[in-house]
Amino acid sequence: MRECERKETLCTCVDWETGDLEKRIHHLVCNFEFTGFELEYTTLEPAEGCRLCRIGRCRICGKRLCFGDDLPAMSNPDDLLAEIFRRTFRMWADSKEHLPDGADCFTDLFLVLFHEDDRDFVRKWLDHRAGSVCPEPNGEDTK
């Protein structure tokens with residue numbers, strides 16, 4: 001499992017390490033204000049997995065809230081990008097969240113996940129593949 005690289009202070013309204021699970025989930029559901037996504041990765045090459053997090057801030061204390069998934073290493077960069085796209089779109093579309101400031105469309109939200117050096121590659125991937133991997137809001141892929 002990839003360890004979170006962020007050092008920002010998490011919400012302190014509940015004890016996230018040892019507190020009651022039900023209280024933690026309730027607090028997250030009731031007080032999460034979506035601000036975007038973060039992708040922690042080293043390379044798009046298949047040797048390493050990455051971590052995709054839905055991030056926000058607590059409506060009570062204003063500190064960071066996040067939850068995410070580790071993505072396993074994929075067989076190639078194309079498969080990894082497809083999986084990141086599917087998961088990001090699903091987490092965003094399922095919540096009916098608005099786009100965060102600075103994003104005019106979902107593609108903007110997706111592109112900023114990647115290192116500056118990888119964005120041209122990701123943009124080309126989107127231009128070439130998006131029609132075949134873009135999930136519909138109901139969770140089905142378009143073909």
Rounded to the nearest 0.5 Å, what's the gap from [atom1] on [X] to [atom2] on [Y]? Could you check?
X     : Y      : atom1 : atom2 : answer
Asp78 : His128 : CG    : NE2   : 7.5 Å
Cys13 : Leu65  : SG    : CG    : 8.0 Å
Phe67 : Trp16  : CZ    : CH2   : 10.5 Å
Arg51 : Leu71  : CZ    : CG    : 9.5 Å

What do you reckon, are the aromatic ring centroids of Phe106 and Phe85 less than 6.0 Å apart?
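Judged by ring-centre distance (under 6.0 Å), Phe106 and Phe85 do meet the cut-off.
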For residues Val122 and Leu113, determine if any side-chain heavy atom of one lies less than 4.5 Å from a side-chain heavy atom of the other.
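The answer is no, as the side chains (C-beta and beyond) never meet within the 4.5 Å cut-off.
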Measuring only between side-chain heavy atoms, which start at C-beta, is Trp125 closer than 4.5 Å to Pro77?
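Result no, sub-4.5 Å side-chain heavy-atom pair not found.
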Please report the closest heavy-atom contact between [X] and [Y], naming both atoms and the distance.
X      : Y      : value
Phe37  : Phe34  : CE1-CZ, 3.6 Å
Val112 : Arg119 : O-NH2, 3.3 Å
Cys58  : His27  : SG-NE2, 3.4 Å
Leu81  : Phe110 : O-CZ, 4.0 Å
Cys50  : Tyr41  : CB-CB, 3.5 Å

Against Glu33, only a single residue in Lys63, Arg54, Arg57 fulfils salt bridge (charged side-chain N to carboxylate O under 4.0 Å, His left out); can you say which?
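Exactly one option meets the salt bridge (charged side-chain N to carboxylate O under 4.0 Å, His left out) with Glu33, and it is Arg57.
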Side chain Arg64, main chain Gly56, donor-acceptor under 3.5 Å
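Not confirmed, Arg64 side chain does not pair with Gly56 backbone.
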Determine whether more than 12 heavy atoms belonging to other residues, nucleotides or ligands lie under 6.0 Å from atom NE2 of His115.
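Enclosed.
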If hydrophobic clusters are built by linking Ile, Leu, Val, Met, Phe, Trp and Tyr wherever their side-chain heavy atoms come under 4.5 Å apart, do Ile60 and Leu10 end up in the same one?
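Cluster IDs for Ile60 and Leu10 differ.
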Would a single hydrophobic cluster contain both Phe114 and Ile55, if residues Ile, Leu, Val, Met, Phe, Trp and Tyr are joined by side-chain heavy-atom contacts under 4.5 Å?
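As far as the 4.5 Å side-chain criterion goes, Phe114 and Ile55 are not connected within one cluster.
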After noting the C-alpha distance and the side-chain angles of Leu52 and Leu39, does the key distance pass the side chain to side chain contact (heavy atoms under 4.5 Å, CB included) rule?
CA-CA 5 Å; Leu52 177 64; Leu39 179 66; 4.2 Å; yes
Salt bridge or not between Arg123 and Asp120? Use side-chain N to carboxylate O under 4.0 Å.
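Salt bridge present between Arg123 and Asp120.
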Suppose we screen for side chain to side chain contact (heavy atoms under 4.5 Å, CB included). Which residues come up paired with Ile25, at least two apart in sequence or across chains?
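Once residues adjacent in sequence are excluded, the partners of Ile25 under the side chain to side chain contact (heavy atoms under 4.5 Å, CB included) criterion are Leu21, Val29.
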Could you give all pairs that pass the salt bridge (Lys or Arg N to Asp or Glu O under 4.0 Å) test and reach residues 16-29, with sequence neighbours left out?
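Matches after skipping sequence neighbours: none remain.
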